[in-house]
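To start, the structure under review is shown below, and the notes come after it.
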Amino acid sequence: MAEIVFGAGTSHSPLLAAPPSLWAERADQDRDNPELYDRTGVIRSFDDLAARAGNTFDARRVMEVWQENWKSCQTALDRLREDFRRVAPDVVLVIGDDQRELFDSTNQPAMALSAAAEMKTGVIDDHDSAFLKEIAMAYLMNEEFTFAGHAALAEDLVRGLMDQGIDIGWMSNAPAGKGFGHAYGFPIYQFLRPDPVPVIPFMLNTYYPPNQPSPKRCFELGRALRAAAAASPVDARIAILASGGLSHFVVDEGLDRKVLDAIHAKDSDVLCSLPTNLLNSGSSEIRNWITAAGAMEGHDVEWSEYVPIIRSAAGTGCGMAFLSWK
């Protein structure tokens with residue numbers, strides 16, 4: 001029987017791929033971002049957010065702070081990489097979200113699983129940007145990268161989910177001319193090289209209304225994934241990984257700590273009742289963490305790290321989180 005033997009979560013922000021010397025480019029992009037939700041779930045302009053934030057952003061020390069942030073995050077990524085090497089799973093089930101890399105508004109499943117035996121990443125056009133060149137490489141999207149799946153186990157997971165009343169989208173391959181995105185390329189690059197074990201991508205629609213799964217449904221999905229794995233006759237040790245989050249593009253440290261505290265406390269009630277009006281834009285990827293928490297229900301957290309990176313006077317950035325279950 002298959003078994004989930006390890007669980008983890010990681011942010012996959014571009015700020016984990018490109019060094020602090022290039023972060024200002026991302027901060028400049030925030031000025032034109034139409035999806036800057038404040039801490040109440042209301043969309044605000046960059047200037048409005050900056051005015052409300054007051055003088056909390058110290059531009060004089062920004063590079064010093066960013067370097068400290070970078071060091072803390074890279075140390076956490078190194079620790080997760082060692083965890084994966086220690087556990088040595090046979091398969092990694094990545095709970096991520098698709099951001100128009102595979103799907104579009106003509107076909108947006110609430111959740112889908114890829115059962116392809118072989119898959120490719122998409123390609124990011126760098127437009128001669130040093131920042132984008134760095135992140136394309138760290139996302140395995142500077143060129144098409146081929147990675148193996150596990151078709152037999154993926155089919156069993158789909159059947160097991162269906163048996164438990166969870167209707168799941170089925171993919172035997174990617175749409176023509178498209179490839180998997182950063183939610184999947186980043187963990188392969190960071191944790192599984194140089195010889196990646198098979199990866200099963202699970203696509204959860206965190207971003208796009210109206211069919212985003214509720215937090216409660218995400219937790220139930222995690223439980224169902226664990227049961228579906230246990231019902232499979234495939235002999236495989238599975239690692240489950242939540243890819244993405246936490247809060248962004250405006251950092252909400254209160255929300256992030258609430259999520260992490262609930263995971264540490266094994267408080268499913270808090271996770272299942274998180275307000276959906278706060279799970280918008282990049283913060284929607286918290287759903288991936290809730291799903292992994294459902295799969296790891298009952299397990300203690302081995303360690304976690306939280307680094308809120310603020311990259312502008314408007315409070316934009318990303319709440320970086322890294323976590324490993326026992």
Side-chain angles (χ1 to χ4, degrees), residues 8-18 20 23 26-27 29-30 33 35-44 46 49-50 52-53 56-58 62 65-77 79-80 95-97 99 135 138 182-183 186-187 190 204 206-207 215 218 241-265 267 270-271 274-293 301 303-325:
T10 182
S11 297
H12 59 219
S13 167
L15 303 187
L16 298 176
W23 289 1
R26 189 64 165 175
Q29 293 168 358
D30 291 333
N33 189 339
E35 294 186 348
L36 298 180
Y37 289 84
D38 68 12
R39 294 177 181 85
T40 68
V42 175
I43 292 180
R44 306 281 185 187
F46 183 95
L49 287 168
R52 291 168 181 267
T56 58
F57 184 74
D58 188 353
V62 65
V65 172
W66 284 356
Q67 291 288 355
E68 292 171 357
N69 294 158
W70 171 261
K71 182 178 179 180
S72 296
C73 289
Q74 295 304 312
T75 298
L77 288 172
R79 188 170 181 180
L80 268 183
I95 311 297
D97 54 297
Q99 295 177 31
I135 67 172
H182 60 291
F186 182 81
Q190 287 291 337
L204 195 62
T206 74
Y207 256 80
C218 291
L241 174 69
S243 177
L246 293 177
S247 64
H248 61 292
F249 298 99
V250 178
V251 176
D252 186 343
E253 188 170 341
L255 174 63
D256 293 341
R257 293 195 181 279
K258 183 177 182 178
V259 171
L260 292 172
D261 288 348
I263 291 175
H264 274 269
D267 194 335
V270 168
L271 293 174
L274 288 172
T276 55
N277 69 305
L278 300 184
L279 303 182
N280 294 303
S281 192
S283 301
S284 71
E285 292 173 339
I286 288 171
R287 289 178 169 90
N288 299 331
W289 288 66
I290 298 171
T291 302
V301 172
W303 65 272
S304 67
E305 181 70 48
Y306 177 66
V307 185
I309 297 182
I310 308 297
R311 62 185 177 229
S312 78
T316 58
C318 184
M320 304 293 186
F322 315 88
L323 183 142
S324 177
W325 278 276

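Positions are given from 1 along the sequence.
For W289 (side chain) and G244 (main-chain N/O), a donor-acceptor pair under 3.5 Å exists by modelled atom type. A distance-only check finds no donor-acceptor pair linking the side chain of W70 to the backbone of L15 [under 3.5 Å]. At distances below 3.5 Å, not a single donor-acceptor pair connects side-chain atoms of N288 with backbone N or O atoms of A242. One N or O on the side chain of D256 and one on the backbone of S247 form a donor-acceptor pair closer than 3.5 Å.
Atoms CD1 and CD, on I290 and E285 in that order, are 12.5 Å from each other to the nearest 0.5 Å. A distance of 8.0 Å separates CZ of R26 from CG of N33, quoted to the nearest 0.5 Å. Separating the CH2 atom in W23 from the CD1 atom in I310 is a distance of 11.0 Å, to the nearest 0.5 Å. With rounding to the nearest 0.5 Å, the separation of CG in L246 from NZ in K258 is 14.0 Å. To the nearest 0.5 Å, atom SG of residue C218 and atom CG of residue L204 are 4.5 Å apart. Taken to the nearest 0.5 Å, the OG atom of S13 stands 3.5 Å off from the CE atom of M320.
Every residue meeting the salt bridge (charged side-chain N to carboxylate O under 4.0 Å, His left out) condition with R44, not counting sequence neighbours, appears here in chain and number order: D38, D48. Legend: residues meeting salt bridge (charged side-chain N to carboxylate O under 4.0 Å, His left out) with R79, ordered by chain and number and at least two apart, are absent.
Pairing each heavy atom of I286 with each of L274, the nearest pair is CG2-CD1, 4.1 Å. Nearest heavy-atom pair, D30 versus L36, reported as atom, atom and distance to 0.1 Å: O-CD1, 3.5 Å. Across all their heavy atoms, E35 and F249 have their closest contact at O-CD1, 3.9 Å. Between C73 and V307, the closest heavy-atom pair is SG-CB, 3.8 Å. S243 and D97 get closest at one heavy-atom pair: O-OD1, 4.1 Å. Residue Y207 comes nearest to S284 through the heavy atom pair CD1-OG, 3.5 Å, listed as atom of the first residue, atom of the second, then distance.
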Show your reasoning for whether side-chain contact (heavy atoms from CB on, under 4.5 Å) applies to L279 and T206.
-> CA-CA 8 Å; L279 303 182; T206 74; over 6 Å; no
Verdict with supporting geometry, S324 and L80, side-chain contact (heavy atoms from CB on, under 4.5 Å) | CA-CA 7 Å; S324 177; L80 268 183; 4.2 Å; yes
Before giving the answer on side-chain contact (heavy atoms from CB on, under 4.5 Å), spell out for F322 and L16 the whole-Å C-alpha distance, their side-chain angles and the decisive distance to 0.1 Å.
-> CA-CA 12 Å; F322 315 88; L16 298 176; 3.9 Å; yes
Decide yes or no on side-chain hydrogen bond (donor to acceptor under 3.5 Å, both in side chains) for H264 and S304, but give the supporting numbers first.
-> CA-CA 9 Å; H264 274 269; S304 67; 2.8 Å; yes
Trace of the side-chain contact (heavy atoms from CB on, under 4.5 Å) decision for V62 with F57 | CA-CA 8 Å; V62 65; F57 184 74; 3.6 Å; yes
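The aromatic rings of H182 and H12 sit perpendicular to each other, their planes meeting at more than 60°, with 30° as the lower class boundary.
Side chains of Y306 and V259 form no contact here, defined as non-hydrogen atoms less than 4.5 Å apart.
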